[in-house]
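The chains referred to below are lettered A, B, ... by the order of the sequence lines, with proteins before strands, and numbering in each begins at 1. Computed from a predicted structure; not experimentally measured.
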Number of protein chains: 2
Amino acid sequence: MFSVSARTQYAIRAMVCLARAEGRQLTTAEIAAAEQIPPKYLEGIMTALKNAGLVSGERGKHGGFRLLKAPADIPMLRIIEALDGSVMPVNCVHTPDLCSLGCSCMPRQFWIGLKDVIDAYMRDHSLQDIAEGNDHGH
Amino acid sequence: MFSVSARTQYAIRAMVCLARAEGRQLTTAEIAAAEQIPPKYLEGIMTALKNAGLVSGERGKHGGFRLLKAPADIPMLRIIEALDGSVMPVNCVHTPDLCSLGCSCMPRQFWIGLKDVIDAYMRDHSLQDIAEGNDHGH
DNA sequence: TATTTCCCTATCGGCTAAGCAGGAATATAC
DNA sequence: GTATATTCCTGCTTAGCCGATAGGGAAATA
């Protein structure tokens, strides 16, 4: 349960790769080879990361991707949200209108609390923590 | 992301229903009608809850389901695990052998930490908290 | 014996995720 | 200015899971 999509795991590994490159540009081919990710599939992932403002992509020869911020300033939550949207256990967390059941949706507060806990954890861990293998958060 | 399956939401609503019945037996038909759940589908869910030791099912006339413990003694985690297995963001959390990538699986500690946070939250909230609409945990 | 209920197995349709393919746009190098 | 390398865009295919349904078998009661 609560399994993380391969897409998101790929994205995180790619970001770790870029973090270790320390500003150097890497091509999707390089990242894909280093992290065992299907190259064409990775392209779409990098696009999502770019649209989220996490990386910059430059085309042409000597093109590639680089981080737009220091790894320490990139919360893991940003990466996850860039890929799969926001953490939302059940739909009615954001759109309570869906609860046509009246009192039957008592669990709503429970899910909201869960979302808060997950968000907080992911905000308190930065890309740098992952890249360095540090599991204590910052 | 991290969306909860309809199956699990049905299970929780059914358990709330049983909690409010205070020991009285309820049939799947009754629960399904009260909670707007497809009756046949609910049957399979009740079987899962029974196999997890959370409810007892008795057949025949005047049969039905009842809780095996007081709602306060049923952590939400138990219900979720009964349906969708244990919380496990990525496979390698429990079976590190899957990490054939060596250092590429640096995020593992991150996922383990996330699992711990989620588990703790769900352990600290009981069925009674949900049934009463109390969102503060116990 | 009839009825009610839980229990088991199989099946179906729809949706999403994962991955692939082909090419268009753009920047560099010679 | 032509060739090359790279990001970018669009669509497609396949496989697997999820929600739901169907039909009937086993047990408990009246």
Side-chain angles (χ1 to χ4, degrees), chain A residues 1-14 17-18 21 24-33 35-68 80 82-85 88-91, chain B residues 1-14 17-18 21 24-33 35-68 80 82-85 88-91:
Chain A
M1 170 173 216
F2 283 141
S3 64
V4 176
S5 65
R7 193 178 163 81
T8 299
Q9 295 184 53
Y10 288 160
I12 291 174
R13 298 224 304 270
C17 225
L18 287 173
R24 252 189 7 264
Q25 270 193 341
L26 298 179
T27 68
T28 56
E30 285 171 321
I31 299 173
E35 296 291 337
Q36 316 260 24
I37 303 172
K40 271 297 198 181
Y41 192 46
L42 180 59
E43 283 188 14
I45 294 170
M46 297 312 295
T47 301
L49 291 172
K50 190 199 162 198
N51 291 339
L54 293 175
V55 302
S56 75
E58 284 183 18
R59 295 199 263 198
K61 238 172 192 171
H62 302 112
F65 293 91
R66 82 175 74 237
L67 294 185
L68 282 177
I80 275 86
L83 272 291
D84 289 341
M88 189 180 344
V90 297
N91 306 10
Chain B
M1 173 178 214
F2 282 141
S3 64
V4 177
S5 66
R7 192 177 164 80
T8 298
Q9 295 184 53
Y10 288 159
I12 292 173
R13 299 223 304 269
C17 225
L18 287 173
R24 249 187 10 263
Q25 270 192 341
L26 298 180
T27 68
T28 56
E30 286 171 319
I31 299 174
E35 296 291 336
Q36 317 258 25
I37 303 173
K40 271 296 197 181
Y41 192 48
L42 180 59
E43 282 188 13
I45 294 170
M46 297 312 293
T47 301
L49 292 171
K50 188 199 162 200
N51 291 340
L54 294 174
V55 301
S56 77
E58 284 182 21
R59 295 198 265 198
K61 241 172 191 170
H62 303 112
F65 292 92
R66 83 175 73 238
L67 294 184
L68 282 176
I80 274 87
L83 272 291
D84 289 342
M88 189 182 343
V90 297
N91 306 10

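- Phosphate proximity of C/dT3 to B/H62: absent, as no side-chain N or O sits under 4.0 Å from OP1 or OP2.
- At least one donor-acceptor pair closer than 3.5 Å links the side chain of B/Q9 to the backbone N or O of B/V4.
- As a whole-Å value, the separation of A/Q25 CD from D/dA5 C1' is 13 Å.
- Distance, B/Q9 CD to D/dA20 P: 11 Å, rounded to whole Å.
- The 5' end of DNA chain C is approached more closely, in terms of each residue's nearest nucleotide, by B/G60 than by the other of B/M46 and B/G60.
- Contact annotation for B/G64: backbone-only contact, meaning every heavy-atom pair under 4.0 Å involves sugar-phosphate atoms and none involves a base.
- Among all heavy-atom pairs drawn from B/A48 and B/A82, the shortest one is CB-O, 4.0 Å.
- Atoms CD1 (A/I31) and C1' (D/dT7) sit 12 Å apart, rounded to a whole Å.
- A/A14 and A/M46 make their closest contact through CB-SD, 4.2 Å (heavy atoms, listed as atom of the first residue, atom of the second, distance).
- The separation between A/E58 atom CD and C/dT28 atom P is 8 Å, rounded to whole Å.
- Residue B/K50 has a polar side-chain atom (N or O) positioned under 4.0 Å from OP1 or OP2 of C/dC7.
- B/R59 places its CZ atom 9 Å from the C1' atom of D/dA28, with the value rounded to the nearest Å.
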Show the distances under 3.5 angstrom between N or O atoms of the protein and N or O atoms of nucleotides 16-23 of chain C.
| from | atom 1 | to | atom 2 | distance (Å) |
| --- | --- | --- | --- | --- |
| C/dA18 | OP1 | A/A6 | N | 2.9 |
| C/dG19 | OP2 | A/Y10 | OH | 3.3 |
| C/dG22 | O6 | A/K40 | NZ | 2.8 |
| C/dG23 | O6 | A/K40 | NZ | 3.2 |

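- Minimum heavy-atom separation, A/L42 to A/T28: CD2-O, 3.5 Å.
- Shortest non-hydrogen contact noted between A/A21 and A/L26 is CB-CD1, 3.8 Å.
- As rounded to whole Å, 15 Å separates atom C1' of D/dT7 from atom CD1 of A/I45.
- Between D/dT7 and A/T28, a contact under 4.0 Å exists linking OP1 or OP2 to a side-chain N or O.
- Atom CG in B/L18 sits roughly 11 Å away from atom P in C/dC6 (whole-Å rounding).
- Here the shortest heavy-atom pairing between B/R66 and B/R24 reads CB-O, 4.3 Å.
- Applying the side chain to side chain donor-acceptor pair (under 3.5 Å) criterion to A/T47, with sequence neighbours excluded, gives no partner residue.
- Listed candidates were C/dC6, D/dT6, C/dA29. Nearest to the side chain of B/F65 is C/dC6.
- The nearest whole Å value for the distance from the NZ atom in A/K61 to the P atom in D/dT2 is 16 Å.
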